[in-house]
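This report refers to the structure that appears directly beneath it.
A note on names: the letters A, B, ... follow the listed sequences, proteins ahead of strands, and every chain is numbered from 1.
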Protein chains: 2
Amino acid sequence: MPPARRTDTADRILDVAERLVQVHGFNGFSYADVSTKVRIRKASLHYHFPTKAGLGTALIARYQGAFLKALEEIDRAGGEARGKLEKYASLYANVLRQRRMCLCGMLAADFETLPKPMRDGVTAFFAANEAWLAKLLEAGRRCGELRFEGSGAAVATFLVSSLEGAMLIARSYGSVPRFELVVKKLLDDLTPPA
Amino acid sequence: MPPARRTDTADRILDVAERLVQVHGFNGFSYADVSTKVRIRKASLHYHFPTKAGLGTALIARYQGAFLKALEEIDRAGGEARGKLEKYASLYANVLRQRRMCLCGMLAADFETLPKPMRDGVTAFFAANEAWLAKLLEAGRRCGELRFEGSGAAVATFLVSSLEGAMLIARSYGSVPRFELVVKKLLDDLTPPA
DNA sequence: GTCTATAGGTGGATAGAC
DNA sequence: GTCTATCCACCTATAGAC
C-alpha cells in the first residue's frame, strides 16, 4: 500500500472544523470559515464531506477515538487511582488551555439542533467516558485508594457532569485555575484522608 | 398610572425568544422563529428589539432578575441550609423538566460568538449565583448544618459548575433523574452525617 | 405598533470544466 | 481533487405606508 501522507486534506479539514466547533459551536461556524483556514474553496470541502451533518458525525467519531486512545494510555501507564484521575482531568484541562470546550460538551448544548447520528455520537461519548471511570473507581475503592458512597457508575456520572460544567463556565471566565479548583475538590473528596 | 397589561408584546417576544435560546442556543434561532410563535411579522419584532444582540442582552437581564428574585424568596422562607440548597437545585431541575438548558449555561457555550454586553451579562449571572451560594454555605457551616473544607466561595464555584454540567448532559439523555442523582451526591457530601 | 416589501449578505449545497 | 459559477433558502435589518 502507498505510504500514508502525514496529513491528508480530509484530516486538515477535520482539524480546522473541530477547533471551530469547540470554540463557536456547531451552529456558529460555516463551510466558508473552514474554507478560509484550510485554504481550499468551499466547493472542494463538499467533495470530502458532502454535508455538514456528515462532517459533524466524522468529527465526533474521530474525537471519541482519540479520547479512548488516551484512556488506554492512562491504563497502560499504571499507577495509583488518584494519579489516573488526575491524568483524566488533564485531558479536559489541556482542551481548556486552548480556549476550547470539550467537543461533545459543546455539542450537548447544540443537542436539540443536531441530526440523529450526531446526537447518538454525543451520548455514546459520555457513556464511554463514564464506563471507563466507573471501572477505575470501583477498582480504586476495592484496593482502598479511593473512598466514595454509592456505585462507581453514579460517581462517574457525577464526575463527567462536573468536569464538563466546570469547563463550560471556566471558559467564560477565561480562567483555567477556576477549572483546576473544581478538579482539586472532586479528587480530594474521593481520596481517603492520610 | 395606566393598569399594567398582563403580557405586553415585548414580554411575549422575550418569553418566546428565551425558550428558543434555552433549547436551540443563541445561534440556533432566528427572528423568523420568534415571528411565527408570537404571531407578529419579523419587521415588527425589530420595533421592540432593533438588534438580535439587544434582544439577547434583554433576555439575560430579565432572566437574572427572575433568578435573583427566586433566591430572595428562598431566603425569605427560611429553614435549614440543606432545604435551601434543595430549593436552589430545584430552580435548575424545573428548567430541565421543560427540556431547557439554563439560559446562561447555554450562552456560556455560545460565549465566543456573543457581543460584549451579553458576555458580561453571562459572567455576572454566574457571579451573582456564586455570591449567594457562598453566603449560604458559610452561614450553614457556622451553625453546624453544613460541612465542607475550603472557602464558601470555592464550594460555590464547584456547585454552580456541577449543576450546569449535570443539566447540560442530563438534557442530552432526556433524563431528569440523571440530574437529580448528581444533586443528591452534591448535597449529601455537604451534609454532616446524622 | 404593525404591516408589506426589500435590501444586502451569508447559509449549505450542486453542476460541470479542468 | 480542486476550481469557478451559481442556486435558492434563510439571515438580520431597514424603508415607508397604514
Apply side-chain contact (heavy atoms from CB on, under 4.5 Å) to B:T51 and list each qualifying residue two or more places apart in sequence or on a separate chain.
B:A53
At under 4.0 Å, does any side-chain N or O of B:T9 touch on OP1 or OP2 of C:dG1?
no
Any side-chain N or O of B:S44 under 4.0 Å from OP1/OP2 of C:dC3?
yes
Indicate every side-chain donor-acceptor pair of residues 116-128 of chain A with a distance under 3.5 Å to a residue at least two apart or in another chain.
residue	atom	partner	partner atom	Å
A:K116	NZ	A:D120	OD1	3.4
A:K116	NZ	A:D120	OD2	3.0
A:R119	NE	A:F111	O	3.3
A:R119	NE	A:L114	O	3.0
A:R119	NH2	A:E112	O	3.1
A:T123	OG1	A:R119	O	3.3
A:T123	OG1	A:D120	O	3.2

In chain order, what residues pass the salt bridge (Lys or Arg N to Asp or Glu O under 4.0 Å) check against [X], with sequence neighbours excluded?
| X | value |
| --- | --- |
| B:E145 | none |
| A:R147 | none |
| B:E138 | B:R141 |
| A:K184 | A:D188 |

What is the bend of the helix from C:dG1-D:dC18 to C:dC18-D:dG1 when you compare the axis at one end with the axis at the other, using five pairs each and rounding to 10°?
0°
Is [Y] reachable from [X] through a run of I, L, V, M, F, W or Y residues, each pair having side-chain heavy atoms under 4.5 Å apart?
| X | Y | value |
| --- | --- | --- |
| B:V95 | B:V160 | yes |
| B:L168 | A:L91 | yes |
| A:Y173 | A:Y92 | yes |
| A:V155 | B:L181 | no |

In whole angstroms, how far is the [atom2] atom of [N] from the [atom1] atom of [X]?
| X | N | atom1 | atom2 | result |
| --- | --- | --- | --- | --- |
| B:Y47 | D:dG16 | OH | C1' | 15 Å |
| B:L45 | C:dT4 | CG | C1' | 15 Å |
| B:L55 | D:dC11 | CG | P | 14 Å |
| B:I13 | C:dT2 | CD1 | C1' | 11 Å |

DNA chain D contacts made by residues 110-121 of chain B, counting heavy atoms under 4.0 Å:
none
In residues 65-75 of chain A, what donor-acceptor pairs under 3.5 Å come from side-chain atoms, sequence neighbours left out?
residue	atom	partner	partner atom	Å
A:E73	OE1	A:R76	NH2	2.5
A:D75	OD2	A:W132	NE1	2.9

Quick test: give all pairs of protein nitrogen or oxygen and nucleotides 10-14 of chain C nitrogen or oxygen below 3.5 Å, distance rounded to 0.1 Å.
residue	atom	partner	partner atom	Å
C:dG11	OP1	A:S30	OG	3.1
C:dG12	OP1	A:F29	O	3.4
C:dG12	OP1	A:K52	NZ	3.1
C:dG12	OP2	A:Y31	N	2.9
C:dA13	OP2	A:K52	N	2.8
C:dA13	N7	A:H46	NE2	3.2

Selection residues 83-96 of chain A - residue pairs positive for salt bridge (charged side-chain N to carboxylate O under 4.0 Å, His left out), sequence neighbours left out:
A:R82-A:E86
Side chain proximity check, A:L14 to A:F49, heavy atoms < 4.5 angstrom
yes
For DNA chain C, find the residues of residues 34-41 of chain A with a heavy-atom distance under 4.0 Å and give them by number; none if there aren't any.
none
